[in-house]
Amino acid sequence: MTKKKIVFSGIQPTGDLHIGNYLGAIKHWVADQDLCDSIFCVVDLHAITIFQDPRVLRDKIRQTVGLLLACGIDPNKSLLFVQSHVPAHSELAWILNCVTPVGWLERMTQYKDKAAKQESVSTGLLDYPVLQAADILLYQADYVPVGEDQRQHIELTRDISLRFNHLYGETFNLPDGMIPKVGAKIMGFDEPTTKMSKSSAVNQNFHAVGLLDSPDQVWSVLKRATTDSEKEIVFSDDPKKAGVNNLLTVYQAFTGKSRDEIQAHFAGQLYGALKRQVADAVIEALKPIQERYNQYMQDATALDHYMRAAAERAAERSAPTLKTVKERVGFTLLA
Ligand code: TYM
């Protein structure tokens, strides 16, 4: 029997998880659980690179674990844990800091975007991708399923891996990003030339659809979705058609239908009808997730119990790589 490929990915417990997170990442994590040895992480250390209200963060971490389970991450198949519960992530990040040139980090577009919005930029924000590399390399991941916006961070992880291996000898695997063909970059409904994001909404109320939004909330966002002054319902790269293209992409990702089938179906229909049908597809997909979420959140003790056991497993899994790294760099290990 061939060994299953190791998959690692992470998600920040900030803001409300939205359908972009689901279609770009979570959905694929769930789908590949049987085929892969999957490890998923709620990255709270990454979250605090921008100030978070501690009380809100504490709740968000548990809610994110609950929501990922509700989306279909199966604890019997995958390992899902909270990053700060496993100190090896911070330890490896420090060591990798010492082989990563600052210039590599200053070039990261996410850093530049986020830094431009901050009055004062923390060292952690600059260092963010090194911690992400540590997450991935600690488990010797083969694949990293993410949305389009993480492509550059995965490239950097590969560079860090190569550099460490070059300096200290073959230690880390060289992971590949796995970016889906459909849904890798869901755009904001208010401004379809901007990526849907948890925080940087142009119009916070009509930008994104959250995974926990009620049917009324979903419709209130979709009915206001920006389109164009034409009538054609077609997939298109033309920036003018970005709104319609985004609606069709969301429809395609949730229904699994082909582009041809979808275009044939919508031919001759009006934008209002398109929006209603996209909303219905989203509402239908979110319903079972929301039902399961409410069940998970009712039992706080079970969730805590799960998080503790998962942290122990993650610590065990990451220990051999961290030990090798410490040996390679010349630390003295106590027996
Ligand atoms: P985060 O929390 O911003 O997003 C989680 C996942 O959702 C994807 N995503 C999207 N996909 C499609 N359309 C969108 N509009 C959209 N917005 C977000 C992201 O690409 C991501 O896959 N740096 C990571 C977290 C991280 C990580 C890791 C990921 C930390 N360590 C190790 C992979 C491996 C982040 O901020 O994701």
For the atom pair [atom1] ([X]) and [atom2] ([Y]), what is the distance rounded to the nearest 0.5 Å?
X      : Y      : atom1 : atom2 : answer
Ile19  : Leu17  : CD1   : CG    : 12.5 Å
Thr14  : Gln52  : OG1   : CD    : 5.5 Å
Lys195 : Asn246 : NZ    : CG    : 13.0 Å
Thr64  : Asp44  : OG1   : CG    : 9.5 Å
Ile233 : Leu274 : CD1   : CG    : 4.5 Å

* Nearest heavy atoms of Pro180 and Leu23, plus distance in Å -> CG-O, 4.2 Å
Atom [atom1] of residue position [X] - does it have more than 12 heavy atoms of other residues, nucleotides or ligands inside 6.0 Å?
X      : atom1 : result
Asp53  : CG    : yes
Glu284 : CD    : no
Asp149 : CG    : yes

Has [X] got a side-chain atom pairing as donor or acceptor with [Y]'s backbone, closer than 3.5 angstrom?
X      : Y      : result
Gln217 : Ser214 : yes
Asn21  : His18  : yes
Lys5   : Leu35  : no

* To do: Determine, stepwise, if the pair Glu232 / Lys241 fulfils side-chain contact (heavy atoms from CB on, under 4.5 Å).
  => CA-CA 9 Å; Glu232 256 197 317; Lys241 302 287 297 176; 3.9 Å; yes
* Set of ring-ring contact (aromatic ring centres under 6.0 Å, His included) partners for His85, sequence neighbours left out -> none
* Asked: Hey, mind stepping through Gln33 and Ser78 against side chain to side chain donor-acceptor pair (under 3.5 Å) and telling me if it holds?
  -> CA-CA 6 Å; Gln33 286 181 107; Ser78 300; 2.9 Å; yes
* Intermediate values then yes/no, side-chain contact (heavy atoms from CB on, under 4.5 Å), Lys275 and Thr227 -> CA-CA 10 Å; Lys275 291 176 180 180; Thr227 48; 3.8 Å; yes
* **Geometric cation-pi criterion, Arg328 with Tyr168: 6.0 Å, 45°** => no
* Would you please classify the geometry between the His89 ring and the Tyr139 ring as parallel, tilted or perpendicular, with 30° and 60° separating the classes? => tilted
* Using 30° and 60° as the class limits, which term best fits the ring planes of Tyr22 and Phe254: parallel, tilted or perpendicular? -> parallel
